[in-house]
Amino acid sequence: MKKHYLNFLLVGLVSLSLSSLAIADDDEDEHEGFFSRFSQSSVTIPQNKLYQSDCASCHMAYQPNLLPSASWEKLMAPKALEDHFGDNAEVNEQDRLSILAYLKTYAADKKGKRLLRFSKGESPLRITELRYFKREHNEIPKRMVQGNPKVRSLSNCAACHTGAERGNFGERGIRIPGYGYWED
Ligand code: HEC
Ligand code: HEC
């Protein structure tokens with residue numbers, strides 16, 4: 001009995017100090033998420049400066065292990081970058097090769113640490129087009145995504161996954177803006 005109580009206290013203390021490091025947010029449901037920032041499902045991949053500067057200005061730096069290498073090859077082809085979902089995301093050739101090498105080293109099919117499952121031969125241009133991704137997200141009503149001014153698109157991972165930038169997509173860290181924590 002005593003030991004359990006102690007453990008609980010300890011977890012509480014660690015959470016407290018870590019959560020004060022987290023970016024402050026002014027949502028009223030903050031307390032519900034007190035323990036939810038510490039899901040075990042995060043995967044650590046070294047950051048890459050070039051990738052951050054060239055690929056994270058319009059959206060978050062999608063973790064390399066969200067897509068298989070064949071997808072990154074297609075996305076990072078020079079022609080594809082010129083017309084990147086309607087935007088121009090061109091980078092110089094040296095950067096392109098270097099970023100591609102980084103993405104492939106940590107791609108979903110490489111390290112046994114993928115964040116999303118994919119079927120053999122599946123290599124879409126989008127994470128949001130992976131069958132597994134669609135299955136995980138098909139229960140979310142449109143009003144919470146497209147109809148939600150703070151989300152707009154499923155590509156906007158960090159709008160709902162509070163740990164997305166750290167590669168943490170665990171269920172306990174999911175909060176839909178305007179709707180609160182997700183309960184399955
Ligand atoms: C000029 C802005 C811009 C830059 C720079 C940019 N992107 Fe994008 N990216 C976009 C847009 C716009 C989308 C589509 C988002 C949507 O549909 O909501 C997108 C989507 C993506 C997606 C698919 C997300 C999904 O829907 O699953 C990936 C992967 C991606 N970008 C990777 C990259 C990489 C790698 C780089 C660097 C070479 C990069 N982006 C640079 C604008 C940009
Ligand atoms: C509108 C909010 C929203 C957005 C945007 C969103 N997700 Fe999710 N995601 C969810 C919800 C809700 C679930 C849980 C679904 C369930 O379990 O019923 C989920 C589940 C997941 C899971 C499975 C987690 C687990 O532990 O089983 C992964 C991985 C994931 N999302 C990754 C992503 C990535 C990567 C992006 C961006 C490309 C993204 N999500 C965008 C809301 C969102």
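Numbering of residues begins at 1 and proceeds along the displayed sequence. Order of listing sets the numbers, starting from 1, for every ligand and every atom in it. Note that the structure is predicted; figures quoted are calculated from it, not measured.
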Visitor: At less than 2.8 Å, would any N/O/S atom of Cys55, backbone or side chain, sit next to atom 8 (Fe) of ligand 1?
Guide: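 Checking atom 8 (Fe) of ligand 1 against Cys55, no N, O or S atom falls under 2.8 Å.
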
Visitor: Look at atom 27 (O) of ligand 2 and find which of Glu171, Gln146, Lys150 reaches it with the closest heavy atom.
Guide: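 When every heavy atom of Glu171, Gln146, Lys150 is considered, Glu171 comes closest to atom 27 (O) of ligand 2.
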
Visitor: Side chain or backbone, does Asn88 bring an N or O within less than 3.5 Å of an N or O on ligand 1?
Guide: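 So ligand 1 has no N or O lying under 3.5 Å from an N or O of Asn88.
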
Visitor: May I ask you to test the Cys157-Met60 pair for a side-chain heavy-atom distance under 4.5 Å?
Guide: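 With C-beta onward as the side chain, the pair touches.
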
Visitor: Within less than 4.0 angstrom of ligand 1, does Met76 place any heavy atom?
Guide: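 Contact present.
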
Visitor: Heavy-atom distances under 4.0 Å are what count here, so tell me which part of Leu81 touches ligand 1: side chain, backbone, both or neither.
Guide: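 Looking at Leu81 and ligand 1, just side chain atoms fall under 4.0 Å.
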
Visitor: I'd like to check Ser98 versus Tyr51 (side-chain heavy atoms, cut-off strictly below 4.5 Å). Are they in contact?
Guide: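 Heavy-atom side-chain distance check fails, nothing below 4.5 Å.
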
Visitor: For atom 18 (O) of ligand 1, what is the nearest protein heavy atom, given as residue, atom name and distance?
Guide: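 Going atom by atom, the protein heavy atom closest to atom 18 (O) of ligand 1 ends up being Ser153 OG, 2.9 Å.
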
Visitor: Any non-hydrogen side-chain atom of Ile99 less than 4.5 Å from a side-chain atom of Met76?
Guide: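 They are in contact (side-chain heavy atoms under 4.5 Å apart), so the answer is yes.
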
Visitor: With the side chain counted from C-beta on, respond yes when Lys74 and Ser123 share a heavy-atom pair under 4.5 Å apart, and no when they do not.
Guide: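 Touching, per the 4.5 Å side-chain cut-off.
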
Visitor: Among all protein non-hydrogen atoms, which one is nearest to atom 2 (C) of ligand 1, and what is the separation to 0.1 Å?
Guide: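 The closest one turns out to be Cys58 SG, 1.8 Å.
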
Visitor: Would you please say whether a donor-acceptor pair under 3.5 Å links the side chains of Thr105 and Lys110?
Guide: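 No.
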
Visitor: Measuring from atom 39 (C) of ligand 2, which candidate in Phe133, Tyr132, Trp182, Tyr179 has the nearest non-hydrogen atom?
Guide: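 That would be Phe133.
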
Visitor: Starting from atom 32 (C) of ligand 1, locate the nearest protein heavy atom and write down its residue, its atom name and how far away it is, to 0.1 Å.
Guide: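 Protein heavy atom at minimum distance: His84 CE1, 3.7 Å.
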
Visitor: If you count the atoms of ligand 1 from 1 in the order shown, which ones are under 4.0 Å from a heavy atom of Tyr62?
Guide: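 That gives atoms 21 (C), 22 (C), 24 (C), 28 (C), 29 (C), 30 (C), 31 (N) of ligand 1.
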
Visitor: Using a 4.5 Å cut-off on heavy atoms from C-beta on, say whether the side chain of Gln63 contacts that of Phe169.
Guide: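 In contact.
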
Visitor: Can Glu90 and Asn88 be counted as having a side-chain donor-acceptor contact under 3.5 angstrom?
Guide: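 Per modelled atom types, Glu90 and Asn88 side chains form a pair under 3.5 Å.
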
Visitor: Which option wins on minimum heavy-atom distance to atom 20 (C) of ligand 1: Phe85, Trp72, Tyr102, Tyr51?
Guide: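 Among Phe85, Trp72, Tyr102, Tyr51, the closest heavy atom to atom 20 (C) of ligand 1 belongs to Phe85.
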
Visitor: How large, to 10°, is the angle at atom 8 (Fe) of ligand 2 when you draw lines to NE2 on His161 and to NE2 on His137?
Guide: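 Rounding to the nearest 10 degrees gives 180°.
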
Visitor: Of all the non-hydrogen atoms in the protein, which one sits nearest to atom 29 (C) of ligand 1, and at what distance?
Guide: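 Scanning the protein heavy atoms, the shortest distance from atom 29 (C) of ligand 1 goes to Leu75 CD1, 3.5 Å.
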
Visitor: Near Leu115, which atoms of ligand 2 are under 4.0 Å from a heavy atom of that residue?
Guide: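 In order of numbering, the contacting atoms are 29 (C).
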
Visitor: Against heavy atoms of Ile176, which atoms of ligand 2 measure under 4.0 Å?
Guide: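 Those qualifying, in numeric order: 2 (C).
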
Visitor: Would you call Tyr132 and Glu122 a side-chain contact if the rule is heavy atoms closer than 4.5 Å?
Guide: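 Not in contact.
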
Visitor: In the protein, which heavy atom is nearest to atom 25 (C) of ligand 1, and how far is it?
Guide: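 For atom 25 (C) of ligand 1, the nearest protein heavy atom is Thr128 OG1, 3.4 Å.
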
Visitor: For a quick test of reading the model, state the closest non-hydrogen atom pair linking Asn168 to His161 and the distance between them.
Guide: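 Reported closest heavy-atom pair: O-CB, 4.3 Å.
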
Visitor: Under 4.0 Å from a heavy atom of Val145: which atoms of ligand 2 are those, numbered in the order shown and with their elements?
Guide: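 Taking each heavy atom of Val145 in turn, ligand 2 has 1 (C) under 4.0 Å.
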
Visitor: With rounding to the nearest 0.5 Å, note down the distance linking CZ in Phe133 to CZ in Arg117.
Guide: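 With rounding to 0.5 Å, CZ (Phe133) is 14.0 Å from CZ (Arg117).
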
Visitor: Report the member of Leu66, Leu67, Asp87 with the shortest heavy-atom distance to atom 12 (C) of ligand 1.
Guide: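 The option holding the nearest heavy atom is Asp87.
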
Visitor: Would Ala89 count as a polar contact of ligand 1, with the cut-off being nitrogen or oxygen pairs under 3.5 Å?
Guide: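 No.
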
Visitor: Do Leu130 and Leu125 share a hydrophobic cluster (ILVMFWY, side-chain heavy atoms under 4.5 Å, transitive)?
Guide: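 Cluster IDs for Leu130 and Leu125 match.
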
Visitor: May I ask whether Asn156 places a heavy atom under 4.0 Å from ligand 1?
Guide: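 Checking ligand 1 against Asn156, which is what was asked, there is no heavy-atom contact under 4.0 Å.
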
Visitor: Kindly identify the option in His59, Arg117, Glu136, Arg135 whose heavy atom sits closest to atom 23 (C) of ligand 2.
Guide: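 When every heavy atom of His59, Arg117, Glu136, Arg135 is considered, Glu136 comes closest to atom 23 (C) of ligand 2.
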
Visitor: Flag the pair Ser119 / Arg131 as yes when at least one side-chain heavy-atom distance between them is below 4.5 Å, and no otherwise.
Guide: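 SC-SC contact between Ser119 and Arg131 confirmed.
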
Visitor: Taking the side chain from Trp182 and the backbone from Glu171, do they hold a donor-acceptor pair closer than 3.5 Å?
Guide: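 Such a contact is absent between Trp182 side chain and Glu171 backbone.
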
Visitor: Should you measure from each heavy atom of Ser57, which atoms of ligand 1 turn up under 4.0 Å away?
Guide: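 So the answer, numbered in order with elements, is 5 (C).
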
Visitor: If you take the nearest heavy atom of each of Pro64, Cys157, Ser155, which one is closest to atom 15 (C) of ligand 1?
Guide: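 Checking each option, the heavy atom nearest atom 15 (C) of ligand 1 is found in Ser155.
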
Visitor: Salt bridge between Glu82 and Lys79, side-chain N to carboxylate O under 4.0 Å?
Guide: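 Salt bridge: no.
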
